Student: 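Before I ask anything, here is the structure I am working with.
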Amino acid sequence: MLTIHVAEATPGSAVLADGARIAAVGPYEELTAAHPQARVRRWPGILTPGLLNPYGPELLEQAYHPDPREADRLGTAPLTGERAQALFRADASLRGASARRGVQRMLAHGTVAVAGELRSRAALDAVRRAGLAVGGRPPVLPGPPSFSPVPLVLLPALVAGGPARFAVFDVPDRAELVRRGASTCVATVLGGRLVYRRT
């Protein structure tokens, strides 16, 4: 099914997705005129190629992402260090669910690719099942692990024939995205599927 994704602040770079691939990138008016049968998804803000998060191992293997039902006991923020490792030692099955919740948090921050050598089956499976790409890790990491790392690492420009993998942020331009961070994400698409949408 053909789907046109267009963001209010970037109508000149709308995306026509045909399943898992990008069929075209261009002005919204041209894409809708050429493909009037396509479904249209309208978003606030800007449509981008999405983000690479270089902290894959730190966020998906070394941190524990509490289940919402554990919020009263563990809170909602990721647990790190000895506290996370103690939970994993006490119950190894926690790794899989934690990695899946970590991936969901990445998707909610416009992450479409992760970097860093993932070693655990749980993290590898979570990344594969979500459809996240795996990219190269920068030689120097700029700061502490975060779902909105500084600086943000945008992937290369979207092109026809490439994978339908991108994210939309509710900001007027890239400068504001850098200033406000990845928590402004409103939608993430992987393999042509809408895998995250802010409600």
Side-chain angles (χ1 to χ4, degrees), residues 20 43 48-155 163-170 177-178 180-199:
W43 305 105
T48 74
L51 302 176
L52 167 76
N53 191 307
Y55 296 105
E58 292 83 357
L59 294 173
L60 300 179
E61 294 177 329
Q62 298 168 21
Y64 177 69
H65 302 275
D67 185 291
R69 295 169 292 188
E70 299 172 311
D72 59 337
R73 184 170 58 95
L74 299 175
T76 57
L79 305 176
T80 58
E82 181 52 34
R83 193 162 182 210
Q85 296 313 307
L87 287 167
F88 292 143
R89 282 192 301 272
D91 185 353
S93 69
L94 293 176
R95 288 188 182 276
S98 174
R100 289 188 295 275
R101 289 189 294 271
V103 164
Q104 288 303 314
R105 287 182 174 191
M106 285 183 163
L107 298 176
H109 286 80
T111 298
V112 299
V114 296
E117 186 179 353
L118 297 172
R119 294 189 171 114
S120 75
R121 177 85 177 198
L124 290 166
D125 285 349
V127 165
R128 181 183 50 78
R129 286 182 180 148
L132 287 167
V134 178
R137 189 168 180 155
V140 177
L141 296 176
S146 172
F147 290 108
S148 185
V150 178
L152 295 175
V153 181
L154 280 169
L155 292 185
R165 179 175 60 221
F166 49 89
V168 183
F169 298 89
D170 190 7
L177 171 59
V178 169
R180 292 181 48 202
S183 64
T184 58
C185 180
V186 293
T188 304
V189 173
L190 293 175
R193 297 176 300 119
L194 184 61
V195 294
Y196 169 75
R197 178 180 192 164
R198 186 191 300 167
T199 53

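Along the sequence shown, the residues carry numbers beginning at 1. Treat the numbers as computed from the prediction; the structure is a model and nothing was measured. Note that these values count all heavy atoms, side chains included, but never hydrogens, waters or copies made by symmetry.
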Student: Taking salt bridge (Lys or Arg N to Asp or Glu O under 4.0 Å) as the cut-off, I'd like each qualifying pair that reaches into residues 97-108, sequence neighbours left out, listed once.
Tutor: Asp67-Arg101
Student: Going by side-chain hydrogen bond (donor to acceptor under 3.5 Å, both in side chains), name the pairs with one or both residues in residues 181-199, residues two or more places apart or in two chains.
Tutor: none
Student: Where is the tightest heavy-atom contact between Ala99 and Ala123, given as atom of each residue plus distance?
Tutor: CB-CA, 3.9 Å
Student: How close do Ala63 and Thr80 get, counting heavy atoms only, and between which atoms?
Tutor: CB-CG2, 4.1 Å
Student: Which distance, rounded to the nearest 0.5 Å, do you find between the CG of Leu177 and the CG of Asp170?
Tutor: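 Nearest 0.5 Å value for the CG-CG distance: 11.0 Å.
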Student: What's the spacing between Glu70 CD and Thr76 OG1 if we round to 0.5 Å?
Tutor: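 Answer rounded to 0.5 Å: 11.5 Å.
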Student: Taking side-chain contact (heavy atoms from CB on, under 4.5 Å) as the test, write out the residues that go with Pro163, two or more places apart.
Tutor: Arg21, Arg165
Student: Could you walk me through whether Leu152 and Phe169 satisfy the side chain to side chain contact (heavy atoms under 4.5 Å, CB included) test, starting with their C-alpha distance in whole Å, then the side-chain angles of each, then the deciding distance to 0.1 Å, before giving a yes or no?
Tutor: CA-CA 13 Å; Leu152 295 175; Phe169 298 89; over 6 Å; no
Student: Write down the atom of Leu52, the atom of Gly136, and the distance for their closest heavy-atom approach.
Tutor: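 Where Leu52 meets Gly136 most closely, the heavy atoms are CD2-O, 3.7 Å.
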Student: May I ask you to check whether over 12 heavy atoms, not counting those of Arg128, lie within 6.0 Å of atom CZ?
Tutor: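 Yes, the 6.0 Å shell around CZ holds more than 12 heavy atoms from other groups.
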Student: Are Pro151 and Val178 close enough that some pair of their side-chain heavy atoms sits under 4.5 Å apart?
Tutor: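 No; the side chains remain at least 4.5 Å from each other.
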Student: When you compare the side chain of Val168 with that of Thr48, does any pair of heavy atoms fall below 4.5 Å?
Tutor: no
Student: Answer yes or no: is there a donor N or O on one side and an acceptor on the other, between the side chain of Ser98 and the main chain of His65, under 3.5 Å?
Tutor: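 Yes: the side chain of Ser98 pairs with the backbone of His65.
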Student: Residues two or more places apart in sequence or in another chain: which of them pass side-chain hydrogen bond (donor to acceptor under 3.5 Å, both in side chains) with Arg137?
Tutor: Glu58
Student: Show me the pairs that pass ring pair (Phe, Tyr, Trp, His ring centres under 6.0 Å) and involve residues 82-131, at least two apart or across chains.
Tutor: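 Those involving residues 82-131 are Tyr64-Phe88, His109-Phe147.
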Student: So, using side-chain hydrogen bond (donor to acceptor under 3.5 Å, both in side chains) as the criterion, who are the partners of Arg73 when residues are at least two apart?
Tutor: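 Counting only residues at least two positions away or on another chain, Arg73 forms no side-chain hydrogen bond (donor to acceptor under 3.5 Å, both in side chains).
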Student: First locate atom CG of Leu190, then atom CG of Leu107, and finally report the distance between them rounded to the nearest 0.5 Å.
Tutor: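 Reported to 0.5 Å precision, the distance equals 6.0 Å.
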Student: Between Thr111 (side chain) and Ala113 (backbone), is there a donor-acceptor pair under 3.5 Å?
Tutor: no
Student: Nearest 0.5 Å, what's the CG-CG distance between Asp125 and Leu60?
Tutor: 12.0 Å
Student: Keeping to residues at least two apart or across chains, list the side-chain hydrogen bond (donor to acceptor under 3.5 Å, both in side chains) pairs with something in residues 139-148.
Tutor: none
Student: Please enumerate all residues that pass side-chain contact (heavy atoms from CB on, under 4.5 Å) together with Val189, with sequence neighbours excluded.
Tutor: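 side-chain contact (heavy atoms from CB on, under 4.5 Å) check on Val189 returns His5, Phe166, Leu194.
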Student: In chain order, what residues pass the side-chain contact (heavy atoms from CB on, under 4.5 Å) check against Ala86, with sequence neighbours excluded?
Tutor: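 Once residues adjacent in sequence are excluded, the partners of Ala86 under the side-chain contact (heavy atoms from CB on, under 4.5 Å) criterion are Glu82, Arg89.
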Student: Within the structure provided, determine whether Pro57 and Arg119 are in side-chain contact (heavy-atom separation under 4.5 Å).
Tutor: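 Result no, sub-4.5 Å side-chain heavy-atom pair not found.
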Student: Quick check: closest heavy atoms across Ala130 and Val195, and the distance to 0.1 Å?
Tutor: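 Heavy atoms only, the tightest pair is O-CG1, 4.5 Å.
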Student: For Val112 and Pro49, which heavy atoms make the closest approach, and how far apart are they?
Tutor: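 Scanning both residues, the minimum pair turns out to be CG2-O, 3.5 Å.
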Student: How would you list, by chain and number, every residue that makes a side-chain hydrogen bond (donor to acceptor under 3.5 Å, both in side chains) with Ser120, sequence neighbours excluded?
Tutor: Glu61
Student: How would you list, by chain and number, every residue that makes a side-chain hydrogen bond (donor to acceptor under 3.5 Å, both in side chains) with Ser93, sequence neighbours excluded?
Tutor: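 Asp91.
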Student: Arg83: what forms a side-chain contact (heavy atoms from CB on, under 4.5 Å) with it, not counting sequence neighbours?
Tutor: Leu74, Leu79
